Amino acid sequence: MQATRRTTVLLVAAALLTGSLALASCGGDDDETSGTTTETTTQTTSETTTTTTETTTETTTEPEVEKPKVVRVTVVGGAPKGGIVRATVGQGDRVRLVVTSDVADEIHLHCYDISRDVTAGGTVTLAFRATIPGRCEAELENRGIQIADITIEP
């Protein structure tokens with residue numbers, strides 16, 4: 001019996017050894033080298049950071065100041081130099097009648113009934129908005145001499 005027992009123990013040991021080898025070879029490497037293989041995977045992630053700077057420029061637009069239409073008259077010897085100055089402006093335009101005179105008189109813009117005194121050698125400005133369509137005369141009031149004819153077109 002002892003021989004049978006020994007044989008049984010040997011068979012069990014062989015079976016255990018064979019089973020252990022079978023388990024060790026499962027999922028193993030196909031390499032011919034024996035031993036323990038440790039596989040280390042290093043994953044490197046390259047991260048690019050893009051910074052976007054958004055600039056918002058707020059522009060405050062001030063209303064464009066309408067430049068006035070300037071009508072210039074030079075009075076020499078009590079009469080407009082070169083004759084009556086004729087000008088055309090649009091209805092609603094800002095207008096500046098600038099008169100330089102070598103004689104003292106009153107400058108009168110009839111259609112708007114605006115007048116200013118000018119001294120000899122002086123300059124005056126009559127500023128107005130052209131709201132009345134048609135022809136508008138300016139004169140040296142005391143002398144009764146027309147110096148400008150401004151047409152206001154609708």
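Values in this document were obtained by computation on a predicted structure and should not be read as measured data.
Shortest non-hydrogen contact noted between Asp102 and Gly78 is OD1-N, 3.7 Å. The nearest pair of heavy atoms linking Arg96 to Pro68 is CD-CG, 3.5 Å.
Considering only heavy atoms from C-beta on, Pro80 comes within 4.5 Å of Ile145 through its side chain. Residues Val75 and Thr100 have side chains not in contact (no heavy-atom distance under 4.5 Å, counting atoms from C-beta outward). Side-chain atoms of Ile150 and Phe128, non-hydrogen and from C-beta on, do get closer than 4.5 Å to each other. Contact annotation: the side chain of Leu126 never approaches that of Tyr112 to less than 4.5 Å [non-hydrogen atoms, C-beta and beyond].
The distance from atom CG of Asp105 to atom CZ of Arg116, rounded to the nearest 0.5 Å, is 15.0 Å. Rounded to the nearest 0.5 angstrom, Glu141 CD and Ile107 CD1 are separated by 9.5 Å. Atom CD1 of Ile147 sits about 11.0 Å away from atom CD of Glu137, to the nearest 0.5 Å. Here the OG atom belonging to Ser101 is positioned 13.0 Å from the NZ atom belonging to Lys81, to the nearest 0.5 angstrom.
Under a 3.5 Å cut-off, the side chain of Asp93 and the backbone N or O of Ala130 do not form any donor-acceptor pair. Checking side-chain atoms of Gln146 against main-chain N and O of Ala148 turns up a donor-acceptor pair under 3.5 Å. At least one donor-acceptor pair closer than 3.5 Å links the side chain of Arg94 to the backbone N or O of Glu66. A donor-acceptor pair under 3.5 Å links the side-chain atoms of Gln91 to the main chain of Thr131, judged by distance alone.
Grouping the Ile, Leu, Val, Met, Phe, Trp and Tyr side chains by contacts below 4.5 angstrom, directly or via other members, places Val70 apart from Val99. If you chain together hydrophobic residues whose side chains sit under 4.5 Å apart, Leu97 and Ile84 never meet in one group. Cluster membership check: Val98 does not share its hydrophobic cluster with Ile114, using side-chain heavy-atom separations under 4.5 Å among Ile, Leu, Val, Met, Phe, Trp and Tyr. Clustering ILVMFWY residues whenever any of their side-chain heavy atoms sit less than 4.5 angstrom apart, transitively, puts Val73 in a cluster other than the one holding Val76.
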Next on the checklist: With side-chain contact (heavy atoms from CB on, under 4.5 Å) as the criterion, how do Thr119 and Asp117 come out once you've worked through the C-alpha distance, each side chain's angles and the decisive distance to 0.1 Å?
Outcome noted: CA-CA 7 Å; Thr119 60; Asp117 288 333; over 6 Å; no
Next on the checklist: Could you go through Arg86 and Thr151, starting from their C-alpha distance and side-chain angles, then the distance that decides it, and tell me whether this counts as side-chain contact (heavy atoms from CB on, under 4.5 Å)?
Outcome noted: CA-CA 8 Å; Arg86 299 184 191 286; Thr151 301; over 6 Å; no
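Using a cutoff of 4.0 Å between basic side-chain nitrogens and carboxylate oxygens, Arg143 and Glu106 are not scored as salt-bridged. Note on Arg135 versus Asp149: salt bridge recorded, some NZ/NE/NH1/NH2 to OD/OE distance being below 4.0 Å.
In this structure, Arg129 places its CZ atom where more than 12 heavy-atom neighbours from other residues, nucleotides or ligands lie under 6.0 Å away.
Note on residues 105-154: pairs passing disulfide (SG to SG under 2.5 Å), not counting sequence neighbours, are Cys111-Cys136.
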